[in-house]
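We count ligands from 1, going down the list as the structure has it; atoms in each ligand are counted the same way. Owing to the predicted nature of the structure, the values given are computational and were not obtained by experimental measurement.
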Amino acid sequence: MPTLILVLGGTTEARLLAGELAADPALRVVTSLAGRVRAPAPLPGEVRIGGFGGVDGLAAWLRTNEVAAVIDATHPFAAQMTAHAVAAATAVGVPLVRLDRPGFTPDAAWTVVDSLAAVPTALTGDRVFLTTGRSGLATFADCPQWFLVRAVDPPEGPAPQRMQVLLDRGPFTVDGERALLREHTIDVLVTKDSGGSATEAKLAAARAEGVAVVVVARPGLLAGVATVATVAEALRWLRGSQQGGFPPVSPE
Ligand code: NAP
């Protein structure tokens, strides 16, 4: 029976990982998605969608499906899912590695804040390009600025009073992002420190166009969790397991 690997997904890296794992006949890969995106792009291997029902639900899923290893490749800001995964994997005794892609290369010109809630008071201009996703828009409901909100799906619930929604998903190009900043006469770009090549073009574009940047810093890493930075390292961690046990990975 193939060895079952659970990939907690929702990122480009999770997609790439699923492709690598699905190509190995000795493995069975299931990618789990939260179900936030209405029409997720097709994924290699099997896919399950929706929450597990907290730590206990995930622990039960791991046991029932006899999962051999968990790779948490969720988004750097999906802190709750990561915490649940670590707790459940520990409870069941299933090895887990966290795939945490590097953040964007820092720029001294950026204003860095520690949460989305801190963004409104850090806004310097009147026309804001908001790329932090459709959740959390309520934070900007009382802001006087005009917002260009880019998201994969239409926003729901409270949102900025003055906004235009742009439905799109990466990857984006620097030229395309520059044109967008000019078209909407953007003063300030707001982004999470998501990292990854699919969305970094906006930062180069902002630099080139003289647009201010506000970056929301990542939630802290959980202490003691085996962590890798790339798909290749995650695969190495997994392959090591087939040669006699999952090697420990030092947290960064
Ligand atoms: P979160 O706040 O950390 O998690 C909230 C709950 O959503 C979890 O407790 C879990 O529910 C469920 N969940 C989250 N990720 C899941 C997954 N991969 N599979 C099954 N259930 C999942 O998560 P989030 O920040 O809302 O992110 C949700 C998804 O969107 C993740 O897959 C993440 O990779 C992706 N994403 C997030 C962001 C972001 O900025 N946060 C950006 C791009 C993509 P239960 O407790 O019921 O298991």
inquiry  = Among residues at least two apart in sequence or on other chains, which ones pass side chain to side chain donor-acceptor pair (under 3.5 Å) with E156?
reply    = R38

task = Taking side chain to side chain donor-acceptor pair (under 3.5 Å) as the test, write out the residues that go with T185, two or more places apart.
result = R127

query = Taking the six-membered ring for Trp, are F52 and W61 parallel (under 30°), tilted (30 to 60°) or perpendicular (over 60°)?
reply = perpendicular

key: Partner of L21 under side chain to side chain contact (heavy atoms under 4.5 Å, CB included), chosen from L16, T31, T3, L235   = L235

key: For R98, the option from V86, I71, T74, V70 that meets side chain to side chain contact (heavy atoms under 4.5 Å, CB included)   = T74

remark   = By salt bridge (charged side-chain N to carboxylate O under 4.0 Å, His left out), D56 pairs with (sequence neighbours left out) none

Enumerate the pairs of nitrogen or oxygen atoms, one from ligand 1 and one from the protein, separated by less than 3.5 angstrom; state names and distance to 0.1 Å.
| unit_1 | atom_1 | unit_2 | atom_2 | d |
| --- | --- | --- | --- | --- |
| ligand 1 | 3 (O) | A78 | O | 3.2 |
| ligand 1 | 3 (O) | A79 | N | 3.4 |
| ligand 1 | 3 (O) | Q80 | N | 3.0 |
| ligand 1 | 3 (O) | M81 | N | 2.8 |
| ligand 1 | 7 (O) | R36 | NH2 | 3.0 |
| ligand 1 | 9 (O) | Q80 | NE2 | 2.8 |
| ligand 1 | 9 (O) | H84 | ND1 | 3.4 |
| ligand 1 | 18 (N) | S32 | O | 3.0 |
| ligand 1 | 19 (N) | S32 | OG | 2.7 |
| ligand 1 | 26 (O) | R36 | NE | 3.2 |
| ligand 1 | 26 (O) | R36 | NH2 | 3.0 |
| ligand 1 | 32 (O) | G9 | O | 2.8 |
| ligand 1 | 34 (O) | G9 | O | 2.9 |
| ligand 1 | 34 (O) | H75 | N | 2.8 |
| ligand 1 | 40 (O) | H75 | ND1 | 3.4 |
| ligand 1 | 40 (O) | K192 | NZ | 2.6 |
| ligand 1 | 46 (O) | G54 | N | 3.1 |
| ligand 1 | 46 (O) | H84 | ND1 | 3.3 |
| ligand 1 | 47 (O) | F52 | N | 3.4 |
| ligand 1 | 47 (O) | G53 | N | 2.9 |
| ligand 1 | 47 (O) | G54 | N | 3.4 |
| ligand 1 | 48 (O) | F52 | N | 2.7 |
| ligand 1 | 48 (O) | G53 | N | 3.4 |

